[in-house]
Protein chains: 2
Amino acid sequence: MRKAPTIRDVAAAAGVSVSVVSRVLNPESGPVAPAKRQEVLRVIDELGYRPRAAARELSAGHALTIGLVVTDLSNPFFARLADRIVWEARSHGVQVVLMTTQEDPHLEADSLDTLLDRSVSGVIATPTGGNIEKWRRLRDLGVNVVFIDRAIEELEDVDVVSIENFDSAQRSTEHLLSLGHTRIGLITGPLTTSTGSARLNGYKAAHQNASLPVDPTLIRDVPFRGDAGGGAVGSLLAMRQPPTALIVANTAQVQSSVRRLVQMGIDIPDELSLIVFDDNPWTELTTPPLSVIRQPLDMLAVHAIELVLGRMHGKLPDGARRIEVKADYLPRNSCAPLILSNAH
Amino acid sequence: MRKAPTIRDVAAAAGVSVSVVSRVLNPESGPVAPAKRQEVLRVIDELGYRPRAAARELSAGHALTIGLVVTDLSNPFFARLADRIVWEARSHGVQVVLMTTQEDPHLEADSLDTLLDRSVSGVIATPTGGNIEKWRRLRDLGVNVVFIDRAIEELEDVDVVSIENFDSAQRSTEHLLSLGHTRIGLITGPLTTSTGSARLNGYKAAHQNASLPVDPTLIRDVPFRGDAGGGAVGSLLAMRQPPTALIVANTAQVQSSVRRLVQMGIDIPDELSLIVFDDNPWTELTTPPLSVIRQPLDMLAVHAIELVLGRMHGKLPDGARRIEVKADYLPRNSCAPLILSNAH
DNA sequence: TACAAAAGTGGAACCGGTTCCACTCCGGAC
DNA sequence: GTCCGGAGTGGAACCGGTTCCACTTTTGTA
């Protein structure tokens with residue numbers, strides 16, 4: 001348990017001052033004679049010296065660290081997102097402190113405080129929708145905030161990276177309409193979230209373009225967590241005029257929805273056509289493989305990191321960016337024309 | 001972008017010295033008159049003061065942070081594990097810095113250096129198997145290391161939390177043997193990993209107890225990442241005498257293995273009985289639902305956190321702990337007696 | 001050859017906490 | 001009344017980096 005060498009140890013061993021060592025460590029900060037630089041580097045290597053992050057942070061006032069705040073990692077969507085973000089961050093020499101909110105604004109508030117204590121220079125988050133003042137304060141304190149997947153309307157001046165929610169929902173709905181379905185169920189997140197409302201609007205727009213009325217009883221805006229998706233499936237199929245097609249428009253709800261469909265022994269696509277949001281690896285392992293909206297996670301992660309790092313280095317113009325990346329519709333075998341459905 | 005108050009601001013506003021404020025912040029560190037304590041707390045609240053973590057770390061020499069080093073979060077096993085660990089850590093006021101290794105010892109080495117720079121007080125890791133000296137050095141520098149899921153044999157004095165690998169493999173094998181199968185394929189991780197070899201040994205022990213020979217051509221020890229699992233499935237089923245049952249003994253390989261089986265149109269369980277390690281949520285969504293060895297993630301996470309925090313607070317006796325938690329066999333519908341297989 | 005500009009260097013303050021130590025009170029024991 | 005011990009307090013050093021500034025040595029140019 002010997003203790004690690006400090007910059008002063010290095011300076012002494014190399015016969016120079018700490019300033020010189022520091023300048024070797026941060027080449028931009030000043031000139032060093034080539035010979036001394038060599039010597040210092042040699043000593044650093046010999047002693048196995050590594051600068052302590054805490055000291056650097058204290059002096060700099062901020063850490064080369066970003067906070068990642070997501071709902072929970074059990075959700076494969078967030079897990080894969082986190083995976084990419086950690087990966088991208090690492091390649092830029094930035095560490096990631098991970099916090100989960102379980103969709104609870106109190107836990108979210110707590111997380112923000114903690115991240116603030118840590119002087120993180122950026123935060124990538126899927127906001128719960130609460131804590132508006134806290135988010136604003138965070139940004140006012142100089143922390144670069146990027147929302148990913150969801151936005152908070154009240155915070156117009158925060159960067160957002162999301163998929164084309166409106167568009168994807170509209171296209172899925174149109175696809176089902178083109179197959180002859182007119183009663184299309186929609187399971188989506190709370191309408192207070194930007195994703196929930198945008199996807200509902202896309203669904204409505206598709207109906208409008210086809211001059212079809214929207215039956216509000218076919219729409220279920222339910223909580224993200226727990227078995228809300230399964231419950232919604234149950235109640236939709238128990239209707240007197242149940243839908244002949246279903247869009248599960250939120251990743252968090254897909255698992256419980258599909259589980260319920262399997263439990264109920266619903267025949268897909270003959271009894272029900274199904275499109276789900278997000279292409280988890282297992283969606284092609286079900287019978288039949290599911291048609292999905294594939295969210296380009298890589299793009300979400302890359303843009304989010306670029307925004308955060310860009311702002312950290314002051315390389316981005318003022319004004320919030322809103323980046324929407326395209327989500328593809330990936331047809332597999334869970335959708336069928338309505339005619340076939342009737343024939344069944 | 002106003003700057004946050006420091007401990008000296010608080011001291012000035014409360015009309016006391018910084019020492020008093022510090023003692024209010026850390027009650028164990030000395031006495032404070034009740035009246036002054038009240039006043040200081042009031043000022044802290046009024047100013048919204050929060051101690052900077054970096055300053056505390058610099059002074060203390062270590063951070064209230066642990067590193068979590070896993071292969072990658074795309075693997076649901078690690079994702080759920082990380083979820084639990086972050087959760088448990090938070091409830092103890094500890095933050096988690098996340099790093100992924102992609103099973104690459106170089107990336108692992110990098111991660112360890114970074115964590116060292118950050119003065120983390122503990123690391124929970126799924127080691128790649130390399131970097132033995134580096135792990136040892138980390139521990140010698142006073143960082144509490146706990147390996148989870150896997151061990152490194154050479155590092156006898158590091159705590160390990162894992163499932164009963166030998167036992168689970170033995171029991172799955174015995175179950176399949178009891179169904180009449182004699183040619184049981186085994187897909188597992190590299191034998192250089194502790195899980196790989198323990199599971200193979202359990203498989204062998206079951207054969208031995210049943211006085212059956214082990215056919216080494218039925219065993220595939222393949223890399224964790226990529227499509228190695230799928231490849232192994234392909235080569236096993238292409239044998240002249242293919243197995244009638246298969247155990248996929250590693251979480252990371254289950255997805256690619258099952259995908260290949262689905263692609264090949266193998267009828268489970270009629271053509272092939274299947275047991276896979278770890279109960280991902282989707283394993284019950286396949287046709288048929290898969291019989292699994294369920295790894296008690298919660299227990300792994302809880303034990304790992306308790307070990308790390310216990311050591312951090314010096315509350316644990318010397319000497320490495322090896323904790324093995326029981327993994328249940330959860331029968332669903334992917335295993336059938338051999339007789340039926342033949343009838344098919 | 002002279003002198004200004006640039007390169008190179010070290011000392012010391014600073015970031016914001018924690019902790020050691022010296023010092024002042026005060027009450028209780030003798 | 002004296003002495004002792006503990007509660008309560010503030011000053012200052014310290015953790016390990018970064019950075020500003022003053023100073024010396026080169027280098028380049030007229």
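Here is the naming used below: chain letters follow the sequence lines, and residue numbers restart at 1 for every chain.
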Please tell me which of the listed nucleotides, [options], lies nearest to the side chain of [X]?
{"X": "A/Val18", "options": "C/dT9, D/dG17, C/dA12", "value": "C/dA12"}
{"X": "A/Val20", "options": "D/dG17, D/dG10, C/dT9", "value": "C/dT9"}
{"X": "A/Ser59", "options": "C/dT9, C/dT19, D/dG16", "value": "D/dG16"}
{"X": "B/Leu58", "options": "C/dG17, D/dG17, D/dC15", "value": "D/dC15"}
{"X": "B/Arg52", "options": "C/dT9, D/dT9, C/dG17", "value": "C/dG17"}
{"X": "B/Ser19", "options": "C/dG17, D/dA12, C/dG8", "value": "D/dA12"}
{"X": "B/Val16", "options": "C/dG17, D/dG10, D/dG17", "value": "D/dG10"}

Query raised in the report: Starting at the 5' end of DNA chain D, which residue's closest nucleotide do you reach first, B/Val32 or A/Arg50?
Result: B/Val32
Requested in this report: Please figure out whether B/Ala60 or B/Pro34 has its closest DNA chain D nucleotide nearer the 5' end.
Outcome: B/Pro34
In whole Å, I'd like the distance from the [atom1] atom of [X] to the [atom2] atom of [N].
{"X": "B/Leu64", "N": "C/dG17", "atom1": "CG", "atom2": "C1'", "value": "13 Å"}
{"X": "B/Glu57", "N": "C/dG17", "atom1": "CD", "atom2": "C1'", "value": "11 Å"}
{"X": "B/Leu47", "N": "C/dG16", "atom1": "CG", "atom2": "C1'", "value": "15 Å"}
{"X": "A/Arg23", "N": "D/dT18", "atom1": "CZ", "atom2": "P", "value": "12 Å"}
{"X": "B/Ile7", "N": "C/dC14", "atom1": "CD1", "atom2": "C1'", "value": "16 Å"}
{"X": "A/Leu25", "N": "D/dG16", "atom1": "CG", "atom2": "P", "value": "15 Å"}
{"X": "A/His62", "N": "D/dG17", "atom1": "NE2", "atom2": "P", "value": "17 Å"}
{"X": "A/Glu39", "N": "C/dT9", "atom1": "CD", "atom2": "P", "value": "12 Å"}

Requested in this report: Please state whether the phosphate of D/dT18, meaning OP1 or OP2, lies under 4.0 angstrom from any side-chain nitrogen or oxygen of A/Ser22.
Outcome: yes
Query raised in the report: Are OP1 or OP2 of D/dG8 and a side-chain N or O of B/Lys36 less than 4.0 angstrom apart?
Result: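 The answer is no; no side-chain N or O of B/Lys36 sits under 4.0 Å from OP1 or OP2.
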Query - More than 12 heavy atoms from other groups under 6.0 Å of CZ on A/Arg321 - result: no
Report summary line: Double-helix bend of the helix from C/dT1-D/dA30 to C/dC30-D/dG1, axes at both ends from 5 pairs, round to 10°, gives 40°
Between [Y] and [X], is the closest basic N to carboxylate O distance under 4.0 Å?
{"X": "B/Arg150", "Y": "B/Glu103", "value": "yes"}
{"X": "B/Lys315", "Y": "B/Glu306", "value": "no"}
{"X": "A/Arg50", "Y": "B/Asp117", "value": "yes"}
{"X": "B/Glu39", "Y": "B/Lys36", "value": "no"}

Query raised in the report: So, A/Arg52 side chain and B/Leu116 main chain: donor-acceptor pair closer than 3.5 Å or not?
Result: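 No, the answer is negative, given that no donor and acceptor are paired below the 3.5 Å cut-off.
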Query - Side-chain donor/acceptor contact of B/Arg8 with base of C/dG17 under 3.5 Å - result: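 Between C/dG17 and B/Arg8, which were checked side chain against base, a qualifying N/O pair under 3.5 Å is present.
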Query raised in the report: Looking at A/Val123 and A/Val308, what are the two nearest heavy atoms and their distance?
Result: O-CG2, 4.3 Å
Query raised in the report: Hey, what do you get for OG1 (A/Thr126) to CZ (A/Phe224), rounding to the nearest 0.5 Å?
Result: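 A/Thr126 atom OG1 to A/Phe224 atom CZ measures 9.5 Å (nearest 0.5 Å).
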Query raised in the report: Counting any heavy atom closer than 4.0 Å, what does A/Pro31 reach on the DNA or RNA strands: base, sugar-phosphate only, or nothing?
Result: base
Requested in this report: For A/Thr6, answer base if it contacts any base atom (sugar-phosphate contacts may also be present), sugar-phosphate if it contacts only those atoms, and nothing otherwise; contact means non-hydrogen atoms under 4.0 Å.
Outcome: sugar-phosphate
